[in-house]
Amino acid sequence: MAKKKELWSGRFAKRLRPQVKAFTASLPFDRRLALHDVRASLAHARMLGACGILARRDLAAIERGLAAVRREIERDRFAWSRDDEDVHLNIERRLTALVGDAGKKLHTARSRYDQVATDVRLWLRDEIDSGLDRLAALERALLAQASRHADLVMPGFTHLQVAQPVTFGHHLLAYVEMLERDRERLSECRRRVNRLPLGAAALAGTTFPIDRARVARELGFEAVAENSLDAVSDRDFAIEYCAAASLAMVHLSRLAEELVLWASPRFGFVRLPEDYCTGSSIMPQKRNPDVPELVRGKSSRVVGDLVTLLALMKAQPLAYNKDNQEDKEPLFDAADTLNASLEIMAGLVSGLRPDAKAMRAALAQGHATATDLADYLVRKGVPFRDAHEAVGRAVREAERSGKDLASLPLATLKRFSASIDADVRRVLTPEGSVAARDHFGATSPRQVRQAIARARERLKGRGSRA
Ligand code: ARG
């Protein structure tokens, strides 16, 4: 088959070297912008028609042609050609094949620079919406578990050492807060993604009397990019998205890390749903937490995507440079990774089964209510530093006799402070400990239930598409 001329062949005597063609092509990865490209082209053509730049007959032909192109793409029948370097040229070539000369008029008052920036923004806006839905779905899964286990006591850790009792519900709510901030970040990022570059043309604007506000309205953009040079060249919106996605992935990675630890028999705090675990090809007993491990691993990719885009941008002079073609793969990867991870984590979290006995056993090993005993002494009038000292000595005695602080006999406890009475028992239990932390933001079951109600309120009407 004879090779087609490049769409920009007019100025060139020589054909493009095949190696160069392959090196400069973006078609293998930018094809996924195809439907957004059609959408943006339709809005552009309609604006050209409305402004009298394109004849009514030509507009009708373009609309008909783009509808046919869209159908071909949707049915996976579009014949992509490596002869054209990217998705934009492929679609324009096909349009022209379908409707003739009218197709060649579509690119009036437009360049591929403002075109690609528009397509990527449209695409990213959809990905953000899907991410927002998935964040909400994961929050709901965490809230359902938190509400089921608002009273369940487990050790809270600092330095991965048993610190104080917390409720399982409270622990899960910590992740709800992180994810809620991720939702805020993504929503704010969406506002800046949602600005229209089209009309900037190559870099300076166009000589045609275009109506950019009309295009923005038709495509659902909240604003028109103010400066044509900036509109075609900056990718800060993609960088910002990757930064928000990186943070969300870091949050997922921390949750994943805890699930891996908790599912290990050494902790035994949770059982992961069996259909999310994998076996080993050699060790018949294994039940491996591959899913959270992969989420933890994939977080590093998204951080890498962010760094890639930052480095891509930093030394580019205005306006567009071909460097920017390299924005797509990291951006696509970040969105794919985040959205897939959010979805799988929601399923995993929904199927978690905590093991109350294992949690209680761990609590009985770390003198988890030592702070409660010190606070108790303070309430009896002992200065906090003295109380801390007395309890420290009691813990030493407990370790010496191989017991937990909470199980020392009253007589023994009294040796360390005369202020200790029989009413200390409840203070030393995990239930007493969590119930006593009963203020806004703390771990008591009452507070946890109120926090769940507030979180559900925030989520109302959010992410219903998930
Ligand atoms: N494929 C390019 C990109 O992804 C857009 C086309 C710009 N290239 C050009 N030589 N006009 O950024």
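Positions are given from 1 along the sequence. Note that ligands are numbered from 1 as they come in the structure, with each ligand's atoms numbered from 1 the same way.
- Between the side chains of Arg191 and Ser187, no donor N or O sits under 3.5 Å from an acceptor N or O.
- At the top of the distance list for atom 2 (C) of ligand 1, counting protein heavy atoms only, stands Gln325 OE1, 3.2 Å.
- Side-chain N/O atoms of Gln145 and Arg148 include a donor and acceptor closer than 3.5 Å.
- Heavy-atom proximity to Ser26, at under 4.0 Å, picks out these atoms of ligand 1: 1 (N).
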Quick one, Met345 with Leu259, criterion side-chain contact (heavy atoms from CB on, under 4.5 Å). Give me CA distance, side-chain angles, the key distance, then yes/no. CA-CA 11 Å; Met345 285 297 269; Leu259 294 179; 4.2 Å; yes
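- Between the side chains of Thr278 and Asn288, no donor N or O sits under 3.5 Å from an acceptor N or O.
- Among all protein heavy atoms, the one lying closest to atom 10 (N) of ligand 1 is Arg112 NH2, 3.6 Å.
- When heavy-atom distances to ligand 1 are checked against a 4.0 Å cut-off, Gln115 has no atom that comes that close, whether in backbone or side chain.
- Per-residue contacts place Lys322 under 4.0 angstrom from the following atoms of ligand 1 (heavy atoms of the residue considered): 8 (N).
- Glu457 has a carboxylate O that lies under 4.0 Å from a charged side-chain N of Lys460, or vice versa, which qualifies the two as a salt bridge.
- With hydrogens and angles left out, the side-chain atoms of Arg94 and Ser81 include no donor and acceptor closer than 3.5 Å.
- Every atom of ligand 1 is numbered from 1 in the order shown, and the set under 4.0 Å from a heavy atom of Tyr113 is 7 (C), 8 (N), 9 (C), 11 (N).
- Among protein heavy atoms, the minimum distance from atom 12 (O) of ligand 1 is reached at Tyr320 OH, 2.5 Å.
- Residue Lys328 places a heavy atom less than 4.0 Å from ligand 1.
- For ligand 1, the atoms closer than 4.0 angstrom to any heavy atom of Asp86 are 1 (N), 2 (C), 5 (C), 6 (C).
- Contact detail for Asp119 and Ala40: the closest heavy-atom pair is OD1-CB, 3.6 Å.
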